[in-house]
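The structure displayed is predicted, hence computed values, not measured ones. The residues of the chain are indexed from 1 along the displayed sequence.
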Amino acid sequence: MADRSLTVEGEEAMLALGARIATQARIGDVVALYGGLGAGKTTVARGILAALGLEGEAPSPSFAIVQPYDVPEVRLPVAHVDLYRLEDAEDAAELALGDYLMDSLLIVEWPERLGDALWPHSLRLTIDTLEDGARRLTADVPDAWTERWPQI
């Protein structure tokens, strides 16, 4: 069984973690990023996107809610989602996020806004800020990621 908890220090290390996740990501995967404001969810997402080939800055989708990226901008289609501004799971249901799973990787910030609707095959990453400013990342690794997680 893989170590499902690790300490990450600094923005570069968070970006590198995202890059490692990207090496294992596939179409139909969900990476669910939990954590408070400023925990580093968007930084991990940016690391994933950069490793998938995005050359420019990946804006936080806080206002757009869903920011899609497509080939050739990235090597596989990605929908980067930020559910922070949504009130409840009903609002999230209107986004039809499941449709993205047919042909994209789905990165979801604030997945708790989905309620019980988060897909069971989602890789759930919880980011906590430690007293020294480092981040503690705890992974809930579903069967779909079991063979891939040790590579991260």
Should [X] and [Y] count as side-chain neighbours, where that means a heavy-atom distance under 4.5 Å?
{"X": "Ile107", "Y": "Val81", "answer": "no"}
{"X": "Leu130", "Y": "Arg135", "answer": "no"}
{"X": "Leu105", "Y": "Leu52", "answer": "yes"}
{"X": "Leu123", "Y": "Val141", "answer": "yes"}

Same cluster or not: are [X] and [Y] linked, directly or through other Ile, Leu, Val, Met, Phe, Trp or Tyr residues, by side-chain heavy atoms under 4.5 angstrom apart?
{"X": "Leu49", "Y": "Leu137", "answer": "yes"}
{"X": "Leu97", "Y": "Leu76", "answer": "no"}
{"X": "Tyr100", "Y": "Val71", "answer": "no"}
{"X": "Leu125", "Y": "Ile48", "answer": "yes"}

| field | Flag for Thr138-Arg4: side-chain donor and acceptor within less than 3.5 Å | value | no
Nearest 0.5 Å please: distance from the [atom1] atom of [X] over to the [atom2] atom of [Y].
{"X": "Leu6", "Y": "Arg136", "atom1": "CG", "atom2": "CZ", "result": "7.0 Å"}
{"X": "Leu114", "Y": "Leu86", "atom1": "CG", "atom2": "CG", "result": "8.5 Å"}
{"X": "Leu17", "Y": "Thr43", "atom1": "CG", "atom2": "OG1", "result": "10.5 Å"}
{"X": "Leu118", "Y": "Arg113", "atom1": "CG", "atom2": "CZ", "result": "14.0 Å"}

| field | Atom of Glu9, atom of Ala13 and distance for their closest heavy-atom approach | value | O-CB, 3.2 Å
| field | Minimal non-hydrogen separation, Ala45 against Glu109, with atom names | value | CB-OE2, 4.2 Å
Return a table of donor-acceptor pairs under 3.5 angstrom between the side chains of residues 61-69 and protein atoms on other chains or two or more places apart.
unit_1, atom_1, unit_2, atom_2, d
Ser62, OG, Ser60, OG, 2.9
Ser62, OG, Asp82, OD2, 3.0

Under 3.5 Å donor-acceptor pairs involving side-chain atoms of residues 19-41, not counting sequence neighbours:
unit_1, atom_1, unit_2, atom_2, d
Arg20, NE, Ile152, O, 3.4
Thr23, OG1, Arg20, O, 2.6
Asp29, OD1, Arg148, NH2, 3.2
Asp29, OD2, Arg26, N, 2.7
Asp29, OD2, Arg148, NH1, 2.6
Lys41, NZ, Gly35, O, 2.9
Lys41, NZ, Gly36, O, 2.8

| request: Tell me, yes or no, whether the heavy-atom count around Asp143 atom CG, taken from other residues, nucleotides or ligands under 6.0 Å, exceeds 12. | output: no
| query | Counting heavy atoms not belonging to Glu147, are there more than 12 under 6.0 Å from its CD? | reply | no
| task | Would you confirm whether Ser122, through its side chain, and Trp119, through its main-chain N or O, come within 3.5 Å as a donor-acceptor pair? | result | yes
| If you measure from the Lys or Arg side-chain nitrogens to the Asp or Glu carboxylate oxygens, is any gap between Arg46 and Glu57 under 4.0 Å? | yes
| Can you check side chain to side chain contact (heavy atoms under 4.5 Å, CB included) on Glu73 and Leu54, steps first, answer last? | CA-CA 6 Å; Glu73 188 175 31; Leu54 185 67; 3.5 Å; yes
| note | Glu55 meets the salt bridge (charged side-chain N to carboxylate O under 4.0 Å, His left out) criterion, sequence neighbours left out, with none
